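Inspection log for the structure reproduced underneath, given as structure tokens.
Count residues from 1 along the sequence. Given the structure is predicted, the values throughout are model-derived calculations rather than measurements.
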Amino acid sequence: MKKYVSILLIIAAFFTIAPSAGAFDLGDVVKTVAVGAVGGYAVSKLAPQLNDFINTITFQNGVKYQGYTKVVPIVSLGDGAKVGAAQVGAATKSALDATKAVAQLEGKFSSIRATALIPINSTNPLKGVKRVAGVGVTAIIDVKL
């Protein structure tokens, strides 16, 4: 448990320091990579425990997912870097295994803002990604910093 608390403290420290990163003359690219690396590492280390936690709370409330689930990082495409995680669910293990992340796309139409969460087959959107058929997002995980 101490290891997981340490990971969360590292993330919190990074986000405390990151807003003042301009004083160190860090570019947006470096900040984006750092946020993604720290967040991705934390998600990968905590994923099994987060998945069990979500499955426990949904079971306790009578809405347990009937299939396979796991927690993956959310990859934001567009405005700045964000760190997040999502639980995805699928009826088949092969579809779940193919899912490596959830892409978060945001758009605005007039005064309406929308966020699309799409299960994808890669954690690196620069390499090109494909939507994984038969997989849906069942929960969003965020950490208050």
Side-chain angles (χ1 to χ4, degrees), residues 1-107 113-145:
M1 186 63 163
K2 288 180 183 178
K3 178 171 66 172
Y4 303 116
V5 171
S6 297
I7 292 169
L8 290 175
L9 288 174
I10 290 169
I11 294 170
F14 180 80
F15 281 103
T16 302
I17 294 167
S20 64
F24 298 105
D25 204 29
L26 290 176
D28 287 341
V29 173
V30 173
K31 282 177 29 179
T32 299
V33 170
V35 168
V38 170
Y41 177 77
V43 170
S44 69
K45 292 298 178 190
L46 295 173
Q49 293 82 4
L50 291 169
N51 191 57
D52 290 344
F53 171 71
I54 293 166
N55 287 340
T56 298
I57 62 173
T58 57
F59 176 74
Q60 291 171 344
N61 288 286
V63 290
K64 184 175 188 235
Y65 186 80
Q66 300 298 317
Y68 300 95
T69 62
K70 73 176 180 180
V71 171
V72 297
I74 295 175
V75 179
S76 295
L77 306 174
D79 268 357
K82 296 180 182 100
V83 176
Q87 183 189 56
V88 293
T92 65
K93 185 149 175 33
S94 61
L96 189 73
D97 290 343
T99 306
K100 304 299 181 208
V102 168
Q104 177 176 313
L105 306 171
E106 295 180 351
R113 195 180 112 215
T115 301
L117 299 168
I118 304 162
I120 56 174
N121 67 344
S122 174
T123 57
N124 185 353
L126 299 177
K127 290 185 177 179
V129 295
K130 292 184 181 177
R131 181 182 210 130
V132 180
V135 179
V137 176
T138 58
I140 302 296
I141 298 114
D142 60 6
V143 177
K144 183 178 180 182
L145 300 175

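To the nearest 0.5 Å, atoms CD1 (I74) and CG (L117) are separated by 6.0 Å. For the atom pair CZ (R131) and OG1 (T99), the distance works out to 11.0 Å, reported to the nearest 0.5 Å. Atoms CD and CG, from Q60 and N55 in turn, are 11.0 Å apart once rounded to the nearest 0.5 Å.
Here the closest heavy-atom approach between residue V43 and residue P73 is recorded as CG1-N, 3.6 Å. Contact between S122 and N124 at its shortest, heavy atoms only, is OG-N, 3.0 Å. Q49 approaches K45 most closely through the heavy-atom pair OE1-O, 3.3 Å. The shortest non-hydrogen separation linking V135 to A90 is CG2-CB, 3.8 Å.
The shortest distance between side-chain heavy atoms of I54 and I141 falls below 4.5 Å. The side-chain heavy atoms of T138 and T58, taken from C-beta on, include no pair separated by under 4.5 Å. N51 places a side-chain heavy atom less than 4.5 Å from the side chain of Q87.
For residues 86-100, the pairs satisfying salt bridge (Lys or Arg N to Asp or Glu O under 4.0 Å) are K93-D97, with sequence neighbours left out.
Partner of V72 under the side chain to side chain contact (heavy atoms under 4.5 Å, CB included) criterion, out of V88, V137, T123: V88 alone. Shown are N121, I120, I118; of these, the side chain to side chain contact (heavy atoms under 4.5 Å, CB included) with K130 is made only by N121.
For Y65, the OH atom is densely surrounded, since the number of other residues' heavy atoms within 6.0 Å is greater than 12.
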### Task
Go through T69 and L96 one step at a time and tell me if the side chain to side chain contact (heavy atoms under 4.5 Å, CB included) criterion holds.
CA-CA 7 Å; T69 62; L96 189 73; 5.6 Å; no
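In this view, A98 and V132 satisfy the side-chain contact (heavy atoms from CB on, under 4.5 Å) rule, not counting sequence neighbours.
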